[in-house]
Amino acid sequence: MKDKQPTGKHRIDTEIITVGRNPSEQFGFVNPPVYRGSTVLYPDLESFKQRKARYPYGRYGSPTTDSLEDGMTLLEGGAGTVLTSSGLSAIAVALQACLKSGDHLLLTDSCYAPTRKFCDGLMSRFGVTIEYYDPHIGSGIADLVRPETAVIFLESPGSQTFEVQDVPAIIEVARKHDIVTIIDNTWATPLFFRPLDFGVDISIHAATKYVGGHSDVMLGTVTANERTWPEIQKTWHLLGECAGPDVAWLGQRGLRTLSVRVHRQMAAGLEVARWLEARREVAQVLHPALESHPDHALWKRDFKGATSLFSIVLKPGPAEALTAFIDGLELYGIGASWGGYESLVLPFDPRAVRTATTWDADGPAVRLHIGLEDTADLIADLEAGLERWGKAGGGH
Ligand SMILES: *Cc1c(COP(=O)(O)O)cnc(C)c1O
């Protein structure tokens, strides 16, 4: 039996089917097995002393983890990928690999809040100076660069407020000053944005979200280019990070259907967003693929698609109206995370975390994740919700 491997000749939806699979080594079974293991046995003392083994120890990986790593490396176009126990730990590995005491870190004000907490709470303790910048800064980031600036961290779009960053403009400045760039690419998935093609050094994912796709894993990935890969691999090793075999296996399974899920969710998300845009209760829809979004042109220039996470800003209204809107929804779960098959809703207030920018919406902000349910049902549920909002005194 001959294994079918990605050849680089085909389009990504074809390559994603074969990457990280080798049936000839698994008695013909299509999928890689789950290798559960800590100890790896060596044939004799000499080979143990030299660690002459493809997989020296459970923490360093197995054919199961290789499968997902190879998939992410292919999709992101990197030199290599490491798996971590969560998306946040992927961010922590990437930052620790690239920063040392005395360095200056530029962090987008729109980043995932726990990224901020990690930097303020831990990196600062290790002597890193953290400075937040406006996600819309573009080439203006040059004004913030200091001799000791070592890393610029991006997240585009921000996963609550959906500012799209001018990645090429920021990369140009970073390259000129030999600054490493790291991006949180969770929203776009590598199918809709490939940061390394734009010159970003490191792309991280909360594979917990769309890659896993079923709300059943905590998993992170760090994919690096040639320049940063040795340091990423070394730091990952030193920190003792790893993902368990069952979780890694679910991650590689998620990859097989990632394209069909995100395309269907893109269409559904846009349909719901357009419907919301026409509602009088809604002041603003923050979805980069809508023509009305302030950063639509940037999104259109750099992205190949949009996933199904976006936010709305309602007209001003009392807290009871927001509660009536959200608590009565039948199809949207209230909870953190996203990227699974099910729809979710969550109010948020950026004022709680922002320092470099202001948030001046008058009404409450609500983030929606559109799942794989029937879109008409999802819209009907929101329609009933907005009726409750209005009846309870919400603005329209
Ligand atoms: C959820 C999330 C993370 C963290 O992922 P976990 O697996 O929950 O640790 C990082 N970045 C973004 C944008 C996220 O939404």
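When reading the values below, keep in mind they use all heavy atoms of this one structure, side chains included, and skip hydrogens, waters and symmetry mates. Whatever order the structure lists them in is the order used to number ligands and atoms, beginning at 1.
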Side-chain H-bond candidate by donor/acceptor type, T73 with T81, under 3.5 Å =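 Yes, because at least one side-chain N or O of T73 sits under 3.5 Å from a partner of the opposite role on T81.
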Side-chain donor-acceptor contact under 3.5 Å, N225 with D201 |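 Side-chain D/A pair, N225 to D201: present.
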Could you walk me through whether F310 and H293 pass ring-ring contact (aromatic ring centres under 6.0 Å, His included), step by step?
-> CA-CA 11 Å; F310 64 94; H293 191 276; over 10 Å; no
Listing by chain and number, which residues have a heavy atom under 4.0 Å from ligand 1?
-> S86, G87, L88, I91, Y112, E155, S159, D184, A206, T208, K209, M218, W338
Do the numbers put R116 on top of the ring of Y132, so that NZ or CZ is under 6.0 Å from the six-membered ring centre and no more than 45° off the axis?
->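 Judged by the rule (NZ or CZ under 6.0 Å from the ring centre, within 45° of its axis), R116 counts as positioned above Y132.
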Test log, rule ring-ring contact (aromatic ring centres under 6.0 Å, His included), inputs F303 and F193 = CA-CA 5 Å; F303 287 70; F193 186 60; 4.6 Å; yes
Begin from the C-alpha positions of W338 and Y210 and carry the test ring-ring contact (aromatic ring centres under 6.0 Å, His included) through to its verdict.
-> CA-CA 7 Å; W338 41 275; Y210 286 111; 5.6 Å; yes
